[in-house]
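Have a look at the structure below before the remarks.
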Amino acid sequence: MVKSSQASGFYKLSPEERLRFIKEFANLTEEETAQLQNMGSLPMNVADRMIENVIGVFPVPLGIATNFLINDRDYLIPMAIEEPSVVAAASYAAKMVRDGGGFYTSSTQPIMIGQIQVVGVKDPYAAKMRVTQSKEEILKKANDQDPVLVSAGGGAKDLDAKIINTTQGMMLIAELHVDCRDVMGANAVNTMAEAVAPIIERVTGGHVYLRIISNLATKRLARAWCIVPKKSVGGEEVVDGIVNAYAFAAADPYRAATHNKGILNGIIGVVLATCNDHRAIEAGAHAYAATTGRYTSLSTWEKNENGDLVGSLELPMAIGLVGGAVRTHPIAKIAVKILGVKTANELGEVAAAVGLAQNLGALRALAHEGIQHGHMSLHARNIAVSAGATGELIDLVAARMVEEHKIRMDKAKELIEQFKASGKI
Ligand code: NAD
């Protein structure tokens with residue numbers, strides 16, 4: 001049976017009811033659903049092996065974005081995030097996009113770049129040629145380090161070298177191109193870069209310092225695009241508003257930073273839920289947004305001949321399904337199961353689609369009703385909780401603050417006192 005991600009009224013359910021829905025959708029076991037409900041489901045002995053000096057764990061809410069149709073397949077999207085409105089906006093945007101046939105995605109091969117820095121080379125231009133001439137020997141040495149990656153169809157596939165001018169003079173930078181298949185690849189690539197360094201020193205006559213992966217993963221890109229019918233987005237005026245909002249981000253780095261932060265709200269939600277390295281992806285995204293020499297928007301929004309909105313997004317996506325902490329963290333494993341993705345590339349494409357949805361949700365709100373409308377009502381609940389509200393008092397206080405357009409801590413405290421004094425709760 002084909003299962004739909006259209007879960008009408010999902011947000012109105014209790015967490016237990018939502019979990020029952022997800023259990024059914026993703027065939028979760030009793031043990032997996034119990035783990036999702038257990039706030040301490042990252043055992044101390046596992047956490048203690050993940051990082052250093054562990055004293056505890058840090059829980060973040062895990063929400064599900066609904067309505068995603070990607071390449072004609074339904075996905076429910078687990079998102080780990082502390083910020084209100086993000087999951088709701090992604091679900092709402094995915095619903096609009098669904099009306100236009102959903103998201104379409106693609107990606108390049110999962111190739112990461114490993115850099116080897118060589119200094120003190122007497123004849124850098126000739127040395128560069130000697131490096132490329134030794135390509136076979138260097139690639140073989142790199143691949144000898146990782147038979148598992150090679151047997152999975154990956155491994156070092158190519159080698160490049162460039163000369164850069166620095167404050168310390170000319171440097172030769174050799175770059176290994178490694179197909180990482182289903183891993184993010186930093187450890188794999190760094191190991192290879194370290195192993196080939198002696199060969200590179202020998203052929204260049206220089207001294208190698210750094211041997212490290214680049215997070216500007218321009219050879220590992222994920223892409224997503226969509227058509228949003230003008231009717232679904234709120235009419236042609238809203239389409240024009242969104243296209244203008246994009247033009248602002250494309251032209252002004254101050255706006256572009258916030259525009260791209262909105263895209264990353266969605267992407268990082270998925271990246272964190274699957275316990276991938278979100279710093280690597282954020283670094284890659286922002287660097288990619290500046291590759292023309294001027295920081296700009298990662299996405300594009302246009303109006304087509306029918307007056308419909310067309311969005312597209314391309315960015316580096318160093319994401320894994322194996323390796324790192326993806327298979328160590330019990331909740332990440334469940335998130336991958338809910339997503340139902342089979343390869344790291346598929347996961348990256350889903351993340352790109354979520355980023356595009358998130359961007360659409362934010363731009364529509366900004367160009368239409370203003371961002372605070374949706375944001376503040378959720379924010380009000382957080383303020384109410386911080387002010388000491390519990391149980392039903394949270395929604396009562398939040399609703400009253402929104403009604404009075406006073407979403408502040410002092411107001412929340414005042415309302416808590418008032419409600420308590422009224423004896424209604
Ligand atoms: P890893 O070392 O845990 O696993 C990689 C290995 O998994 C491969 O080398 C391969 O031998 C094996 N493997 C098994 N099945 C595979 C398959 N289907 N496809 C490909 N390989 C397969 O992980 P990693 O992805 O090499 O490194 C990721 C970690 O490195 C993350 O924790 C990240 O935070 C960290 N890191 C990041 C940076 C950076 O981004 N600059 C730097 C250093 C470390």
Side-chain angles (χ1 to χ4, degrees), residues 42 46-54 57-58 60 80 107-117 139-158 173-197 209-222 264 267-268 270-288 315-333 335-337 339-349 351:
L42 179 60
V46 178
D48 196 33
R49 284 196 303 270
M50 285 174 76
I51 64 163
E52 309 74 37
N53 299 357
V54 167
V57 293
F58 184 86
V60 173
S107 44
T108 63
Q109 295 297 307
I111 295 193
M112 299 299 291
I113 300 168
Q115 298 190 299
I116 299 122
Q117 177 201 25
L139 294 186
K140 183 180 178 310
K141 182 77 181 174
N143 284 327
D144 283 350
Q145 310 309 309
D146 204 335
V148 178
L149 179 58
V150 172
S151 70
K157 301 287 184 188
D158 207 352
I173 311 296
E175 294 186 337
L176 267 181
H177 298 176
V178 184
D179 183 328
C180 294
R181 291 292 95 198
D182 289 321
V183 292
M184 182 265 176
N187 288 328
V189 172
N190 295 346
T191 306
M192 288 183 179
E194 289 185 10
V196 302
Y209 277 111
L210 270 55
R211 297 149 296 170
I212 180 80
I213 197 165
S214 168
N215 288 114
L216 179 52
T218 51
K219 293 188 177 294
R220 192 179 196 173
L221 301 173
L264 288 163
I267 292 175
I268 299 302
V270 180
V271 170
L272 195 56
T274 54
C275 216
N276 268 283
D277 184 338
H278 54 92
R279 289 85 53 210
I281 288 175
E282 295 222 36
H286 291 297
Y288 195 62
L315 78 166
M317 192 56 73
I319 203 164
L321 259 193
V322 190
V326 185
R327 295 248 173 114
T328 316
H329 197 296
I331 303 300
K333 281 194 282 190
V336 168
K337 187 167 175 186
L339 282 161
V341 290
K342 298 286 177 278
T343 62
N345 268 27
E346 186 185 357
L347 175 58
E349 292 180 26

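The first residue of the sequence shown is numbered 1, and numbering continues consecutively from there. Counting convention: from 1, in listed order, for ligands and their atoms alike.
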Positive for side-chain contact (heavy atoms from CB on, under 4.5 Å) with V271, one of I281, L347, D277: I281
Member of T108, N345, I267 meeting the side-chain contact (heavy atoms from CB on, under 4.5 Å) criterion with M317: I267
Using a 4.0 Å cut-off to any heavy atom of [X], which atoms of ligand 1 qualify?
{"X": "G324", "answer": "1 (P), 3 (O), 23 (O), 32 (O)"}
{"X": "I213", "answer": "39 (C), 41 (N)"}
{"X": "M184", "answer": "25 (O), 28 (C), 40 (O)"}
{"X": "D182", "answer": "18 (N), 19 (N), 20 (C)"}

Look only at interatomic distance and state if [X] has a nitrogen or oxygen under 3.5 Å from any nitrogen or oxygen of ligand 1.
{"X": "A280", "value": "no"}
{"X": "A325", "value": "no"}
{"X": "R181", "value": "no"}
{"X": "D146", "value": "yes"}

Any chance you could measure [X], atom [atom1], to [Y], atom [atom2], to the nearest 0.5 Å?
{"X": "C275", "Y": "L42", "atom1": "SG", "atom2": "CG", "value": "8.0 Å"}
{"X": "T343", "Y": "D182", "atom1": "OG1", "atom2": "CG", "value": "6.0 Å"}
{"X": "I268", "Y": "E282", "atom1": "CD1", "atom2": "CD", "value": "4.0 Å"}
{"X": "R211", "Y": "Q115", "atom1": "CZ", "atom2": "CD", "value": "13.5 Å"}
{"X": "M112", "Y": "K219", "atom1": "CE", "atom2": "NZ", "value": "12.5 Å"}

Closest non-hydrogen protein atom to [atom], residue and atom name please, with distance?
{"atom": "atom 15 (N) of ligand 1", "answer": "V322 CG1, 3.8 Å"}
{"atom": "atom 27 (O) of ligand 1", "answer": "N187 N, 3.1 Å"}
{"atom": "atom 17 (C) of ligand 1", "answer": "A152 CB, 3.9 Å"}
{"atom": "atom 22 (C) of ligand 1", "answer": "V183 CG1, 3.7 Å"}
{"atom": "atom 13 (N) of ligand 1", "answer": "V148 CG1, 3.7 Å"}

Examine the proximity of ligand 1 to [X] and report which part, side chain or backbone, both or neither, has a heavy atom under 4.0 Å away.
{"X": "C180", "value": "backbone"}
{"X": "N190", "value": "side chain"}
{"X": "D277", "value": "side chain"}
{"X": "N215", "value": "side chain"}

Per atom 25 (O) of ligand 1, closest listed option by heavy atom (A344, G320, G185, G323): G185
Winner among A186, A188, S151, P110 once heavy atoms are compared against atom 35 (C) of ligand 1: A186
Heavy atoms of other groups near K141 NZ, more than 12 under 6.0 Å: no
Atom CZ of R279: over 12 foreign heavy atoms under 6.0 Å: yes
Any P110 side-chain heavy atom under 4.5 Å of D179 side chain: yes
Trace of the side-chain hydrogen bond (donor to acceptor under 3.5 Å, both in side chains) decision for S107 with E349: CA-CA 7 Å; S107 44; E349 292 180 26; 2.5 Å; yes
Whether G154 lies under 4.0 Å from ligand 1, heavy atom: no
Short side-chain to backbone donor-acceptor contact, N187 and G324, under 3.5 Å: no
